[in-house]
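Everything on this sheet refers to the single structure shown next.
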Amino acid sequence: MFTLSAIMNMKSHMFLTYPLICFLFLSSFVNGQLDYKYYDTTCPNLTKIVRNGVWSAISNDTRMPASLLRLHFHDCFVNGCDGSILLDDTSTFTGEKNALPNRNSARGYEVIDAIKANVEKACPSTVSCTDILTLAAREAIYLTRGPFWSVCLGRRDSLTASQNAANDQLPSPFEPLVNITAKFVSKGLNVKDVVVLSGAHTLGFAQCSTFKRRLFDFDGSGNPDPTLDSSLLGSLRSVCPNQKDSDSNLAPLDAVTINRFDNVYFKNLMNNSGLLESDQALMNDNTTAALVSNFSKYPYIFSKEFAASMVKLINIGVLTGQNGEIRKNCRVVN
């Protein structure tokens, strides 16, 4: 773990920005209503407040960078980046928190709550929960030595959420690659984005229930997944024995560099050591396998492409102008 000041002073290849992307993408996504300087006068210390909040959270929980990035991805992939995943259920809608992909696995809500509280003290009723989550995900990656990308701001928060939409729209680790790719394409992303954003699995952990069938009964064969590295199989079976009470046990998505954002995830795939079926499946298609190979060799290219794909992701279906609202509490509509 590095000190906050040390990371902020790093002038390495991982510091990558895309100053023109806001203009390029907004014409198709949000009609140019987002701006890099959106809060410069109304909340000038916003980035500092978010960064300090994320750093504090990481200091207490090294899993938090992956959790914040996943929370952000799951928000954006369901009807756009609108903070809907943060809403608690109400009498009028059942939200996304208890959708199958999020139940007992989505984390980081309290971190966003804490950051929002500090932002409200500095700039009341000014900054959306969606922008806070968007910035928090960026800071989480940067503070784990990942790339930096510029974020256009001015998103507004949704007035509702949908459990059904989350169940339908979020990719599953059990789905074939063609289905996952189709879901990405429906959001304006492409097959390269599938591979690049899968590289986020260089961080974080997965519950045994998401990959256990690879260890004992792959495709109903009664045998393990033949593509899984034998030494990894043995270690995973010790963490996830073939019994129901091990389903919530955790294994790292990248066991080599668990808490560092890097390209080792792709090296693992090249060695048949991807944890999830959907990870290792990237090696079964010529197009995606070629991208995996390239990223495994050239970490700078992966970092550059990850930043570019994140800029595309964070501008999906955002609310601007008079649409939505600026929530005072991220868990409830005003």
Side-chain angles (χ1 to χ4, degrees), residues 4-5 7-11 15-58 68-69 71-72 75-76 80-87 108-109 111-143 147-159 307-308 310-334:
L4 179 57
S5 59
I7 293 179
M8 292 300 97
N9 290 328
M10 286 180 180
K11 302 295 184 182
F15 189 89
L16 301 161
T17 60
Y18 289 81
L20 297 179
I21 294 293
C22 184
F23 172 79
L24 293 175
F25 277 98
L26 293 186
S27 60
S28 59
F29 282 111
V30 293
N31 300 317
Q33 295 182 45
L34 300 186
D35 193 296
Y36 294 117
K37 299 181 179 182
Y38 192 86
Y39 299 113
D40 277 10
T41 57
T42 58
C43 198
N45 292 320
L46 173 61
T47 299
K48 181 179 179 180
I49 295 170
V50 174
R51 179 171 296 155
N52 287 340
V54 171
W55 178 255
S56 177
I58 294 173
L68 289 172
L69 181 60
L71 193 66
H72 178 46
D75 180 45
C76 290
C81 307
D82 60 4
S84 57
I85 195 171
L86 304 174
L87 287 172
Y109 298 110
V111 174
I112 301 303
D113 289 340
I115 295 172
K116 174 64 170 175
N118 287 330
V119 170
E120 283 295 306
K121 291 177 184 177
C123 324
S125 302
T126 301
V127 182
S128 68
C129 297
T130 311
D131 273 344
I132 290 173
L133 178 56
T134 302
L135 286 171
R138 192 269 306 273
E139 295 302 316
I141 296 307
Y142 186 50
L143 291 172
F148 183 95
W149 55 92
S150 295
V151 174
C152 298
L153 298 166
R155 294 164 189 78
R156 289 169 67 85
D157 298 321
S158 68
L159 302 175
M310 284 302 300
V311 169
K312 293 171 69 176
L313 175 73
I314 66 178
N315 288 315
I316 294 174
V318 302
L319 302 173
T320 61
Q322 298 303 308
N323 296 317
E325 66 176 10
I326 304 298
R327 284 184 220 140
K328 296 180 181 179
N329 178 338
C330 293
R331 294 174 179 263
V332 296
V333 174
N334 293 343

For this session: Could you give me the CA-CA distance, side-chain angles and deciding distance for Leu153 and Leu135, then say whether side-chain contact (heavy atoms from CB on, under 4.5 Å) is met?
Result: CA-CA 9 Å; Leu153 298 166; Leu135 286 171; 4.0 Å; yes
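- Residues Cys123 and Thr42 are not in side-chain contact: their nearest non-hydrogen atoms beyond the backbone lie 4.5 Å or more apart.
- Using a 4.5 Å heavy-atom cutoff, the side chains of Leu86 and Asp75 are not in contact.
- Pairing each heavy atom of Ala136 with each of Ile112, the nearest pair is CB-CD1, 3.9 Å.
- The two residues Arg327 and Asp82 come nearest to each other via the heavy atoms NH2-O, 3.6 Å.
- Here the OG1 atom belonging to Thr134 is positioned 9.5 Å from the CG atom belonging to Leu34, to the nearest 0.5 angstrom.
- Between Asn315 and Arg155, the closest side-chain pair of non-hydrogen atoms falls below 4.5 Å.
- Arg138 has its side chain within reach of Thr47: a pair of non-hydrogen atoms, C-beta onward, lies under 4.5 Å apart.
- The minimum heavy-atom distance linking Ile314 with Cys76 is given by the pair CA-SG, 4.3 Å.
- Of the inter-residue distances, the one linking Ile85 atom CD1 with Leu133 atom CG reads 8.0 Å to the nearest 0.5 angstrom.
- Rounding to the nearest 0.5 angstrom, the gap separating the NZ atom in Lys48 from the CH2 atom in Trp55 is 15.5 Å.
- Of the inter-residue distances, the one linking Ile49 atom CD1 with Ile132 atom CD1 reads 8.5 Å to the nearest 0.5 angstrom.
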Exercise. Between Tyr39 and Asp131, does a side-chain hydrogen bond (donor to acceptor under 3.5 Å, both in side chains) hold up when you go through it step by step?
Worked result: CA-CA 10 Å; Tyr39 299 113; Asp131 273 344; 2.6 Å; yes
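- Between Leu159 and Leu87 the shortest heavy-atom distance is C-CD1, 4.4 Å.
- Side-chain contact between Asp157 and Asn334 is absent, with no heavy atoms from C-beta onward closer than 4.5 Å.
- For the pair Leu71 and Tyr109, the tightest heavy-atom approach, listed with the atom from each and the gap, is CD1-CE2, 3.6 Å.
- The two residues Ile326 and Ser128 have their closest heavy-atom pair at CD1-CB, 3.8 Å.
- Expressed to the nearest 0.5 Å, how far CD of Glu120 lies from OG1 of Thr126 amounts to 7.0 Å.
- In this structure, Asp113 CG and Asn329 CG are separated by 6.5 Å, a value rounded to the nearest 0.5 Å.
- In this structure the side chain of Leu69 reaches within 4.5 angstrom of the side chain of Met310, judged on heavy atoms.
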